[in-house]
Amino acid sequence: MKYNVMLKILMLLLQRRKVTATEIARRYEVSVRSVYRYIEELTVCGVPIDVARGRYGGITVADTFRLPTGYFTREEYAATLNALDAMASQISDESVISAKEKLESRQKIEKLELSVCGNVIVDGGAWGGNVKFSEKMRVCEQAVNDSKSLLIDYISRGGKHSKRIIDPHVLILKQNVWYVWAFCHTKQEFRTFKIGRIKSAAFTGKNFKKKEFTRDDIDLNFKHSDDELIEVTFIIEKSSLPDAEEWLGIDNIEPRGNGFVATLTLPNDDTLVNKILSYGGAVKVGSPTELKDKVKAAARKIAEDI
């Protein structure tokens with residue numbers, strides 16, 4: 001009984017995205033206290049559910065959340081729709097027609113969306129068909145296009161979770177990483193959020209009025225101060241040139257001797273050291289010395305731990 005009700009609650013949330021605990025309790029003939037207990041167990045299982053108390057509150061599941069692709073195979077989806085279609089043609093049952101329409105709409109939603117702008121196509125998905133990132137891209141893009149506010153669960157570089165309401169104004173692609181520039185209601189200012197660090201996102205049901213802005217209004221250094229940036233010279237082996245070009249940009253790389261050299265300014269954080277190490281010595285630091293020492297220390301630690 002318990003898990004049957006939990007599954008029904010999950011399906012209702014996926015259909016409606018937001019519902020009150022009182023409505024769930026009435027629909028499935030359980031107490032409101034039991035509803036919150038079931039919601040807590042669903043959250044422990046990894047379902048991104050947010051509970052807001054008060055007059056305008058409710059139980060919300062993130063718009064980026066979908067059932068695993070393995071829940072229905074393509075063949076199972078098609079067979080189910082065909083069966084419901086056959087039933088609907090034989091009997092006049094509103095519940096059968098409703099079920100068919102819901103499955104058809106869900107099938108459309110589950111397809112990965114490609115952003116198309118003029119002659120440019122942007123696929124926000126990862127190699128291998130990672131739906132989670134594509135769904136976050138889809139939700140952020142819809143929020144920008146339709147001026148819809150989002151409730152996001154954001155994880156900082158230090159691992160700190162924070163719930164924020166944001167008004168997304170534009171998507172930004174920099175160094176092959178996607179960001180969304182948005183007004184943050186918590187900080188009462190515009191911030192740049194890395195989409196890969198958004199754990200979940202849900203529409204609040206409210207629209208916002210976009211502020212007029214130009215490219216110059218956006219700090220594309222993303223709050224990096226002069227102390228957090230470092231000018232680096234890389235020495236690149238020919239074998240790693242294609243990968244280095246994608247990371248550093250073709251315009252920043254010049255041939256020199258039997259290899260290549262790139263000089264540019266980058267954020268001076270741990271991700272820089274890890275990125276350099278990922279090239280296995282094919283991309284070396286020419287300068288500054290302090291970065292060379294960091295890479296050497298990190299390499300020694302890896303060797304000691306093996």
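Just so you know, these numbers come straight off a predicted model, no measurement behind them.
With sequence neighbours left out, the side-chain contact (heavy atoms from CB on, under 4.5 Å) criterion links V170 to I172, W181, F213, I218. Not a single ring-ring contact (aromatic ring centres under 6.0 Å, His included) links F260 to another residue, sequence neighbours left out. Applying the side-chain hydrogen bond (donor to acceptor under 3.5 Å, both in side chains) rule to E237 yields the partners K284; only residues at least two apart in sequence or on another chain are considered.
Within a 6.0 Å radius of NZ in K206, other residues, nucleotides and ligands contribute 12 heavy atoms or fewer. For NZ of K163, the number of neighbouring non-hydrogen atoms (other residues, nucleotides, ligands) closer than 6.0 Å is greater than 12. Sparse packing is recorded around NZ of K199, with 12 or fewer heavy atoms of other residues, nucleotides or ligands lying under 6.0 Å away. Counting non-hydrogen atoms of other residues, nucleotides and ligands closer than 6.0 Å to CG of D251 gives a total of 12 or fewer. Counting heavy atoms of neighbouring residues, nucleotides and ligands inside a 6.0 Å radius, atom CD of Q188 exceeds 12 of them.
Judged by distance alone, the side chain of Y38 and the main-chain N or O of L10 form no donor-acceptor pair under 3.5 Å. Panel note: side chain D217, backbone T214; a donor-acceptor pair is recorded below 3.5 Å. Under a 3.5 Å cut-off, the side chain of T43 and the backbone N or O of I39 do form a donor-acceptor pair. Between the side chain of H161 and the backbone N or O of Y154 there is no donor-acceptor pair closer than 3.5 Å.
Closest of all the heavy-atom pairs between V61 and A202 is O-CB, 4.1 Å. Contact detail for L248 and N252: the closest heavy-atom pair is O-ND2, 2.7 Å. C184 approaches I166 most closely through the heavy-atom pair CA-CG2, 4.3 Å. Here the closest heavy-atom approach between residue I235 and residue G286 is recorded as CD1-CA, 4.1 Å. In terms of heavy-atom proximity, V30 sits nearest to V35 at CG2-CG2, 3.8 Å. Summarising the geometry of D243 relative to Y279, their closest heavy-atom pair is O-OH, 3.3 Å, with the distance given to 0.1 Å.
Tested against H169, the residues F193, F183, F190 include a single ring-ring contact (aromatic ring centres under 6.0 Å, His included) partner, F190. Test D167, V139, T204 against L150 for side chain to side chain contact (heavy atoms under 4.5 Å, CB included) and you get one pass: V139.
For the pair K18 and E23, the salt-bridge criterion is not met [side-chain N within less than 4.0 Å of a carboxylate O]. Salt bridge annotation for E189-R191: present, with a cationic side-chain nitrogen under 4.0 angstrom from a carboxylate oxygen.
Linking ILVMFWY side-chain heavy atoms closer than 4.5 Å, directly or via other members, places V19 and L151 in two distinct hydrophobic clusters. Grouping the Ile, Leu, Val, Met, Phe, Trp and Tyr side chains by contacts below 4.5 angstrom, directly or via other members, places Y36 with I9. A continuous path of Ile, Leu, Val, Met, Phe, Trp and Tyr side chains, each step under 4.5 Å between heavy atoms, connects V5 with V47, placing both in one hydrophobic cluster. Both V273 and I302 are members of a single hydrophobic cluster when ILVMFWY side chains are connected at heavy-atom separations under 4.5 Å. Hydrophobic clustering of Ile, Leu, Val, Met, Phe, Trp and Tyr side chains at less than 4.5 Å, counting indirect connections, unites I276 with I253.
F203 carries K148 over the face of its six-membered ring, with the cationic atom under 6.0 Å from the centre and within 45° of the normal. Relative to the six-membered ring of W247, K275 meets both conditions, a distance below 6.0 Å and an angle of at most 45° to the axis.
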### Message
Is there a side-chain contact (heavy atoms from CB on, under 4.5 Å) between T192 and V180? Walk through the geometry before answering.
### Response
CA-CA 6 Å; T192 306; V180 58; over 6 Å; no

### Task
Let me see the working for K187 and R164 under side-chain contact (heavy atoms from CB on, under 4.5 Å), right down to the final yes or no.
CA-CA 9 Å; K187 299 295 184 181; R164 302 164 182 249; 3.8 Å; yes

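Taken to the nearest 0.5 Å, the CD atom of E254 stands 7.0 Å off from the CZ atom of R256. In this structure, S287 OG and E231 CD are separated by 7.0 Å, a value rounded to the nearest 0.5 Å. Here the CG-CE distance, from L42 to M6, works out to 4.0 Å after rounding to the nearest 0.5 Å. Expressed to the nearest 0.5 Å, how far CD1 of I152 lies from CD1 of I198 amounts to 4.5 Å. Rounding to the nearest 0.5 angstrom, the gap separating the CG atom in L12 from the CD1 atom in I24 is 6.0 Å. Distance check, rounded to the nearest 0.5 Å: CG of N268 to OG1 of T271 gives 9.5 Å.
Considering only heavy atoms from C-beta on, L229 stays 4.5 Å or farther from L266 through its side chain. Using a 4.5 Å heavy-atom threshold, the side chains of I59 and L13 count as touching. Side-chain contact check for T186 versus I165: every heavy-atom pair is 4.5 Å or farther apart. I230 is listed as a side-chain neighbour of P288, based on a closest heavy-atom distance under 4.5 Å. Within the 4.5 Å cutoff, side-chain heavy atoms of V285 are placed close to those of K292. The side-chain heavy atoms of L171 and E141, taken from C-beta on, include a pair separated by under 4.5 Å. S34 has its side chain out of reach of Y28: every pair of non-hydrogen atoms, C-beta onward, lies at least 4.5 Å apart.
Inspection of the T60 and D50 side chains reveals no N or O donor paired with an N or O acceptor under 3.5 Å. No side-chain donor from either of S31 and R33 sits under 3.5 Å from a side-chain acceptor of the other.
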